[in-house]
Amino acid sequence: MQFQGHNEDACGNHFKTDVLPGWRETMENYHREALKVCKAIARILAVALNLDADYFDTPDMLGNPIANLRLLHYEGKSDPSKGIYACGAHTDYGMMTLLATDSVMGLQICRDETMKPRKWEYVPSIKGAFMVNLGDMMERWSNGFFKSLLHRVLGNGQERFSIAFFVEPNHDCLVECLPTCMSENNPPKYPVIKCSTYLSQRYKKTHADLSIYEKQT
């Protein structure tokens, strides 16, 4: 299930309130509170980058963000030697991800994806705590100061549940090297790009082009 945005007409979600009374209200409340947490984290990131604490809290950044909530259910047993995963290796392409999980182990991170073979480490679940993952957009914004970690999920035969909350700036935000992240000896590594353009490019790269099947029929 995916829940996104603030406008219910634009969400594309259909809730059977008679089957799950209070479900919509619970999810909308979680969405609001999770966004507050992400905005607080963004202030910490700003200070870490020698920016004003409220740097990201502007209308074209996190004042009107893109925020997606996904409820995830994993089952089955993974076998990396056969290419079987609960979720394959990837980086998140947005600004940040706030993750809540149950006590079942499964999430792994790779600190150095250039290493051969790659070394994978399990991330322990801490009761009452969120995991925070910075995405490719934050790495791009910070000119590589922050790193977007490669991660995957392995199933061990137990059911596993998690809640992922993905946050990106406003569609019209220009993602360019932050002023404190560049210098004469450290010029911008990435060109300026509009958030909506960047997300569209990443989406196309990570989803199959089904038009090829239409041409064959």
Of H31, R32, R24, which is the lone residue that meets side-chain hydrogen bond (donor to acceptor under 3.5 Å, both in side chains) with E28?
R24
Inspect the surroundings of NZ in K189 and state if more than 12 heavy atoms from other residues, nucleotides or ligands are less than 6.0 Å away.
yes
Given the rule that I, L, V, M, F, W and Y join up when any side-chain heavy atoms are under 4.5 Å apart, are I66 and L35 in one cluster?
yes
For V104 and D102 the tightest heavy-atom approach is N-OD1, 3.0 Å
Are the side chain of K39 and the backbone of D57 linked by a donor-acceptor contact shorter than 3.5 Å?
no
Provide the closest heavy-atom pair for E75 versus E159 in the form atom of the first, atom of the second, distance.
OE1-OE2, 4.3 Å
Note, N133 side chain near L99 side chain (heavy atom, < 4.5 Å)
no
Answer yes or no: is there a donor N or O on one side and an acceptor on the other, between the side chain of T101 and the main chain of S162, under 3.5 Å?
no
Evaluate the side-chain proximity of P169 to M137: yes if any heavy-atom separation is below 4.5 Å, no if none is.
yes
Taking all heavy atoms of D136 and all of S148, pick out the closest pair and write down the distance.
OD1-OG, 2.7 Å
Nearest-0.5 Å distance that lies between atom CE in M115 and atom SG in C110
7.0 Å
State, yes or no, whether a side-chain contact exists between T91 and R202 at a heavy-atom distance under 4.5 Å.
yes
E168 and G94: which non-hydrogen atoms are nearest, and at how many Å?
OE2-CA, 3.2 Å
Straight-line distance of M61 CE to C195 SG, nearest 0.5 Å
10.5 Å
Verify, without hydrogens or angle tests, whether N170 (side chain) and N64 (backbone) share a donor-acceptor contact under 3.5 angstrom.
yes
Please report the closest heavy-atom contact between A86 and S78, naming both atoms and the distance.
N-OG, 3.2 Å
For H90 and C87, work out which heavy atoms get closest and say how close.
CE1-SG, 3.5 Å
Walk me through whether S183 and N185 qualify under side-chain hydrogen bond (donor to acceptor under 3.5 Å, both in side chains).
CA-CA 5 Å; S183 65; N185 297 322; 5.3 Å; no
Are the side chains of E139 and L134 in contact, using a 4.5 Å heavy-atom criterion?
no
In one Ile/Leu/Val/Met/Phe/Trp/Tyr side-chain cluster, 4.5 Å: I44, V132
no
Verdict with supporting geometry, R140 and Y198, side chain to side chain contact (heavy atoms under 4.5 Å, CB included)
CA-CA 11 Å; R140 186 183 186 112; Y198 171 76; 3.9 Å; yes
In this structure, would Y55 and M182 fall into the same cluster of hydrophobic residues linked by side-chain contacts under 4.5 Å?
no
What's the verdict on side chain to side chain contact (heavy atoms under 4.5 Å, CB included) for Y85 and L154, showing C-alpha distance, side-chain angles and the deciding distance?
CA-CA 5 Å; Y85 305 93; L154 298 187; 3.5 Å; yes
Before giving the answer on salt bridge (Lys or Arg N to Asp or Glu O under 4.0 Å), spell out for D172 and K194 the whole-Å C-alpha distance, their side-chain angles and the decisive distance to 0.1 Å.
CA-CA 6 Å; D172 296 325; K194 194 175 179 180; 3.4 Å; yes
Spatial distance of atom CG (L45) from atom CG (L51) [nearest 0.5 Å]:
10.0 Å
Heavy-atom side-chain proximity of Y122 to Q108 below 4.5 angstrom
yes
Partner residues of I109 under the side-chain contact (heavy atoms from CB on, under 4.5 Å) criterion, sequence neighbours left out
R111, E121, V123, L149, H151
Kindly say whether E113 contributes a backbone atom to a donor-acceptor pair with the side chain of R118 at under 3.5 angstrom?
yes
Examine F130 and M27 and state if one hydrophobic cluster contains both, with Ile, Leu, Val, Met, Phe, Trp and Tyr joined whenever side-chain heavy atoms are less than 4.5 Å apart.
yes
Donor-acceptor contact present, side-chain N143 to main-chain C177, <3.5 Å
no
W120 side chain reached by P80 side chain, heavy atoms, under 4.5 Å:
no
Under 4.5 Å between side-chain heavy atoms, counting indirect links through other Ile/Leu/Val/Met/Phe/Trp/Tyr residues: same cluster for L69 and F166 or not?
no
What I'd like to find out is whether the side chain of W141 reaches to under 4.5 Å of the side chain of F56, using heavy atoms alone.
yes
Assess whether side chain to side chain contact (heavy atoms under 4.5 Å, CB included) is satisfied between I163 and Y30, documenting all intermediate values.
CA-CA 10 Å; I163 306 174; Y30 187 96; 3.7 Å; yes
Side-chain donor/acceptor of D52 to backbone N/O of D54, under 3.5 Å:
no
Is there a side-chain contact between V167 and I41 in this structure, where contact means two heavy atoms from C-beta onward sitting under 4.5 Å apart?
no
I'd like to know if the side chain of R160 and the backbone of Y74 have a donor-acceptor N/O pair within less than 3.5 Å.
no
CG of L178 to CG of N50: how many Å apart, nearest 0.5 Å?
11.0 Å
